[in-house]
Enquirer: 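Let me begin by handing over the structure; questions about it come next.
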Amino acid sequence: MKVLVADLFSQAALDEMSNAGIQVIYNHALNGDSLKAVLQSEAPEVLVVRSTKVTGDMITSSPSLEFIIRAGAGVDNIDCVAASKNSIFVANCPGKNSVAVAELVMGHILSVDRRLPENYALLKQGKWNKGAFSECTGIKGRKIGIIGLGAIGKEVSVRAKSFGLEVCGTDPFVSAAQAHALGIEYFNTIEEVARVSDIITFHVPSTPQTKGMINSAFLALCKENVVIINTSRGDLANEAELLRELEARPGFWYACDVYLGEPAAKECDFVHALAQHPKVYGSHHIGASTKQAETAIGLEALRMILQYSKTRKVDAGNLVNMQTATKAKFSVNVRHHGQALAGLLTSLVECGCKVQEIENKAFKDGAAFTATVYLDCDNLECLQGIVAGLNGKEGVIHANLVHLG
Ligand SMILES: O=C(O)C(=O)COP(=O)(O)O
């Protein structure tokens, strides 16, 4: 099997692939036309990318392609609809860079509160101005609102609590009970989070529902001195409205890792009104760029590639799309601490799945049970929602979805 890796990727995972007899082409300079050309000339079955765009045109002109792996979380850079139409699976590596992103969020929170970039800049200019920084507030006891309580949002909440922040949040896929179990005050809407939070951090994917959600109407509900952190996607922000609010409200600060019209990793000019605004602290979309995250993502991609090379089945933490033409067969695998599967089965039936077989294995690893539910389903989105919900449930160690053909 041939795998094309078109972005920076773990060397250890590349070596493992080669050791397993997989032909690997690693070229992290590929982008646009050059990526399309290599897809055609090398004809790989598997393509691995990070933020590099995979367009419908690339997909339709690459008949060899069977599986695209997003070595990261957000799949908005991949034309998943075109992939589905061409029977190409798309999977990401959920949760594998969550800690790295959460660590960056804490860095931005502290940077804004203590004005660290200005501190550095003055010292570099040979100036000493302790008095200029005596107005910093401190973050203990203030409230952080987390929009999106998935893997990244949860890691942020753990770190925020250790700094003494109070944590609240919202997420349409997480129940109030699940949030409360994590010590997070739960709200049903982003508007409620806006009203009570001193710092608001966004951890949602780019979808039609989330695009432009950081806008004037949202900011009007926020506290006067709110700090907004966006490490998710640039298009969550209506940048024109955000710039107006930054001008109009002296106490409002924005820190971000992502921008509208962000250049590809391989380019270097970036003239951008928001990025260069004095009340914006920005980083270079480095949320996932730690060696720890690179290793975790590399291992997850490697696992999926090895599995696919042996079985031609996609065993993914999150299968993003599916072949649209036919009903597909899946299994939901759950490792848990012995609670009943009744809730899972009810949810599966409610979303139209046809359960074929349930396999239970007791006391794997001495402490945990595993269950595999085999089913037919043509509503992948619903099925993914159920599996994601299981991962947040108390007593569940891990649940994943496997495409069986
Ligand atoms: O995983 C994600 O969604 C990210 O935004 C990380 O992007 P990257 O893989 O560093 O290009």
Side-chain angles (χ1 to χ4, degrees), residues 3-14 26-32 35 46-55 68-80 83 90-105 107-108 146-156 171 201-207 210-211 214 229-237 255-268 270 275 282-302 304-305 316-321 384 388:
V3 176
L4 171 61
V5 181
D7 269 307
L8 282 173
F9 193 71
S10 151
Q11 189 56 50
L14 291 170
Y26 179 41
N27 183 348
H28 57 76
L30 294 175
N31 197 17
L35 175 56
V46 181
L47 169 65
V48 180
V49 288
R50 287 176 60 167
S51 286
T52 292
K53 269 199 168 29
V54 183
T55 62
I68 301 170
I69 296 178
R70 198 312 183 190
V75 289
D76 47 304
N77 54 317
I78 299 170
D79 188 334
C80 294
V90 181
N92 63 354
C93 303
K96 302 298 175 194
N97 59 23
S98 319
V99 168
V101 179
E103 287 173 352
L104 181 68
V105 169
H108 276 306
I146 305 179
I147 312 285
L149 295 168
I152 298 172
K154 284 177 190 146
E155 294 292 351
V156 171
D171 188 318
T201 182
F202 285 79
H203 301 292
V204 294
S206 167
T207 65
T210 63
K211 276 191 179 128
I214 308 172
I229 317 258
N230 180 7
T231 53
S232 293
R233 282 296 176 266
D235 61 11
L236 298 193
C256 63
D257 192 41
V258 286
Y259 311 84
L260 272 181
E262 214 170 278
K266 298 109 192 179
E267 293 165 20
C268 53
F270 191 44
S283 44
H284 301 224
H285 200 150
I286 54 160
S289 300
T290 66
K291 286 291 163 213
Q292 290 176 349
E294 188 182 276
T295 302
I297 285 172
L299 289 176
E300 175 62 359
L302 171 71
M304 289 193 277
I305 289 167
N318 183 19
L319 180 63
V320 176
N321 69 338
Q384 284 172 330

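Since this is a predicted model, take the numbers as computed values, not measurements. Whatever order the structure lists them in is the order used to number ligands and atoms, beginning at 1.
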Enquirer: May I ask you to check whether S283 and D257 show a side-chain donor-acceptor distance below 3.5 Å?
Expert: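 Side chains of S283 and D257: pair found under 3.5 Å.
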Enquirer: Counting only heavy atoms, which portion of A73 has something under 4.0 Å from ligand 1: side chain, backbone, both, or neither?
Expert: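 For A73, backbone and side-chain atoms both sit under 4.0 Å from ligand 1.
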Enquirer: Determine whether more than 12 heavy atoms belonging to other residues, nucleotides or ligands lie under 6.0 Å from atom CD of Q11.
Expert: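 Count over threshold, so yes.
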Enquirer: Does any part of the side chain of L8, heavy atoms only, come nearer than 4.5 Å to the side chain of R50, both counted from C-beta?
Expert: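 The answer is yes, as the side chains (C-beta and beyond) meet within the 4.5 Å cut-off.
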Enquirer: Backbone N or O of L236 within a donor-acceptor pair of the T210 side chain at under 3.5 Å?
Expert: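 Side chain of T210 to backbone of L236, a donor-acceptor pair under 3.5 Å: no, none is there.
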Enquirer: Does an N or O anywhere in R70 fall below 3.5 Å from an N or O of ligand 1?
Expert: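 Between R70 and ligand 1 (N or O atoms, distance only) the closest approach is under 3.5 Å.
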Enquirer: Quick one: which ligand 1 atoms are inside 4.0 Å of a heavy atom on H285?
Expert: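 Near H285, the atoms of ligand 1 are 4 (C), 5 (O), 6 (C), 7 (O).
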Enquirer: Could you tell me whether some N/O pair between G74 and ligand 1 is separated by less than 3.5 angstrom?
Expert: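 N/O-N/O distance under 3.5 Å: yes.
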Enquirer: Give the atoms of ligand 1, by number and element, whose distance to some non-hydrogen atom of N97 is under 4.0 Å.
Expert: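 Within the 4.0 Å cut-off of N97, ligand 1 contributes 1 (O), 2 (C).
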Enquirer: Starting from atom 10 (O) of ligand 1, locate the nearest protein heavy atom and write down its residue, its atom name and how far away it is, to 0.1 Å.
Expert: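 Its nearest protein heavy-atom neighbour is R50 NH2, 2.8 Å.
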Enquirer: Please could you name the atoms of ligand 1 that G72 approaches to less than 4.0 Å, counting only its heavy atoms?
Expert: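 Answer for ligand 1: 1 (O).
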Enquirer: Search all heavy atoms of G282 against all heavy atoms of Y259 and return the closest pair with its distance.
Expert: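 Between these two residues, the closest heavy atoms are CA-OH, 3.2 Å.
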Enquirer: Could you measure the distance from the NE2 atom of H203 to the CG atom of N230? Nearest 0.5 Å is fine.
Expert: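 If we round to the nearest 0.5 Å, H203:NE2 and N230:CG are 8.5 Å apart.
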Enquirer: Nearest protein heavy-atom contact for atom 11 (O) of ligand 1: which residue, which atom, what distance?
Expert: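 Its nearest protein heavy-atom neighbour is S51 OG, 2.5 Å.
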Enquirer: Decide yes or no for H28 and V5: does some side-chain heavy atom of the first lie under 4.5 Å from some side-chain heavy atom of the second?
Expert: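 No; the side chains remain at least 4.5 Å from each other.
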Enquirer: Look up atom CD1 in I78 and atom CD1 in I69, then write down how far apart they are to the nearest 0.5 Å.
Expert: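 Taking CD1 in I78 and CD1 in I69, the distance rounds to 10.0 Å.
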Enquirer: May I ask you to list the atoms of ligand 1 that are less than 4.0 angstrom from any heavy atom of A288?
Expert: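 Taking each heavy atom of A288 in turn, ligand 1 has 6 (C), 10 (O) under 4.0 Å.
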Enquirer: Does any N or O of ligand 1 fall below 3.5 Å from an N or O anywhere on S289, backbone included?
Expert: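 No: no nitrogen or oxygen of S289 is under 3.5 Å from one in ligand 1.
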Enquirer: Does only the side chain of I286 get under 4.0 Å from ligand 1, or the backbone, or both, or neither? Count heavy atoms.
Expert: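 The answer is neither.
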